[in-house]
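Please read the structure below before turning to the comments.
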Amino acid sequence: DIRSLFYARELSLSKDAIFCLNNIASVYITLGDFNKALDYITEALKRVDPENPGPFQSSLLINLGQSFQALARDFQEPGYSSQALECFSSYLNLEKTAGKMGLILHALNGMAGVYADQGRLDEAKALLLPVLDKVKTDKTSALTGMTLLNLAAIACNKGEVAEAERSYRE
């Protein structure tokens, strides 16, 4: 995507550049370099046409929320948590009727993670249980694993060892 980004920038192909920037941000999120991810997301957001955001706005909001969530966890900054929740909520308001269930479930997982980090464990669990019902059909999905791990962590934090073990085993 780096080479594609170079050509998209050189040829002023804004939509292609947004796509490349978002993909590169996703790689940095996976690598745990959230500041670098934010740099790429910020550059991508500058290129989004507010009148016609296209499909980019939704995935950028999820990546931005995940970056803020990780930064909040790493630096214990409440402002990052608020920004993460704002991104996930904005996405849910934007996409609920569009039928993009995978990204909706990612946003709900993200919100639950922020709530759990804030000690709002019951709220986090309440968000994740319906998500689990939707993702359980696909045991190989990364989203299934993410949901089960989040539920297990919540159970551990609440001292519910048997429930945590059940989530880890699933």
Side-chain angles (χ1 to χ4, degrees), residues 21-45 48 53 56-136 138-139 141-170:
L21 290 162
N22 194 35
N23 285 345
I24 294 167
S26 294
V27 170
Y28 280 110
I29 289 169
T30 302
L31 294 173
D33 190 343
F34 302 102
N35 286 315
K36 194 73 167 173
L38 281 175
D39 291 342
Y40 282 98
I41 294 167
T42 301
E43 185 179 342
L45 286 169
V48 173
F56 308 112
Q57 185 178 14
S58 53
S59 58
L60 285 168
L61 282 170
I62 296 294
N63 281 344
L64 193 57
Q66 289 174 334
S67 296
F68 283 133
Q69 178 186 2
L71 289 169
R73 191 176 297 135
D74 290 350
F75 297 110
Q76 301 297 307
E77 278 286 330
Y80 287 136
S81 293
S82 298
Q83 289 173 301
L85 289 173
E86 185 179 324
C87 290
F88 294 133
S89 296
S90 294
Y91 174 77
L92 291 171
N93 291 335
L94 179 73
E95 291 295 332
K96 228 172 207 164
T97 59
K100 295 187 177 170
M101 189 53 67
L103 288 178
I104 290 171
L105 298 176
H106 269 287
L108 291 171
N109 252 298
M111 290 179 80
V114 174
Y115 289 161
D117 292 343
Q118 294 174 332
R120 298 161 59 185
L121 302 176
D122 291 330
E123 290 175 79
K125 185 176 179 180
L127 275 177
L128 289 176
L129 290 176
V131 171
L132 185 61
D133 289 340
K134 297 224 184 291
V135 298
K136 261 190 171 177
D138 185 4
K139 292 281 187 188
S141 166
L143 194 53
T144 304
M146 179 191 322
T147 306
L148 288 167
L149 283 174
N150 285 339
L151 283 167
I154 291 166
C156 280
N157 286 329
K158 292 177 76 173
E160 299 168 349
V161 177
E163 188 174 331
E165 285 179 5
R166 195 170 30 258
S167 291
Y168 281 128
R169 286 192 181 134
E170 273 191 66

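The analysis underlying the following values was restricted to heavy atoms, covering all of them including side chains, and did not include hydrogens, waters or symmetry mates.
Here CG of Leu108 is found 9.0 Å from OG1 of Thr147. Values are rounded to the nearest 0.5 Å. Expressed to the nearest 0.5 Å, how far SG of Cys156 lies from CG of Leu151 amounts to 11.0 Å. Separating the OG atom in Ser67 from the CG atom in Asp39 is a distance of 10.0 Å, to the nearest 0.5 Å.
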request  = Applying side-chain contact (heavy atoms from CB on, under 4.5 Å), run through Met111 and Glu123 and close with a yes or a no.
outcome  = CA-CA 10 Å; Met111 290 179 80; Glu123 290 175 79; over 6 Å; no

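Annotation: side chain of Asn35 is in contact with side chain of Leu71 (closest heavy-atom distance under 4.5 Å). The closest side-chain heavy-atom distance from Glu163 to Lys125 is below 4.5 Å. The closest side-chain heavy-atom distance from Tyr115 to Leu127 is below 4.5 Å.
In plain terms, the two heavy atoms of Ala116 and Ala124 that are nearest each other are N-CB, 3.9 Å.
Asn150 pairs by the side-chain contact (heavy atoms from CB on, under 4.5 Å) definition with Asn109, Leu128, Met146, not counting sequence neighbours. Contacts of Glu165 classified as side-chain contact (heavy atoms from CB on, under 4.5 Å), with partners at least two apart in sequence or in another chain: Val161, Arg169. Listed by chain and residue number, Phe68, Gln69, Phe88, Val114 satisfy the side-chain contact (heavy atoms from CB on, under 4.5 Å) test with Ala84 (two or more places apart in sequence, or in another chain).
Annotation: Phe34 is not in aromatic contact with Tyr28 [ring centroid separation under 6.0 Å not met].
More than 12 heavy atoms of other shown residues, nucleotides or ligands fall within 6.0 angstrom of atom CD in Gln118.
Salt bridge absent: Arg166 and Glu160 never bring a charged side-chain N and a carboxylate O closer than 4.0 Å.
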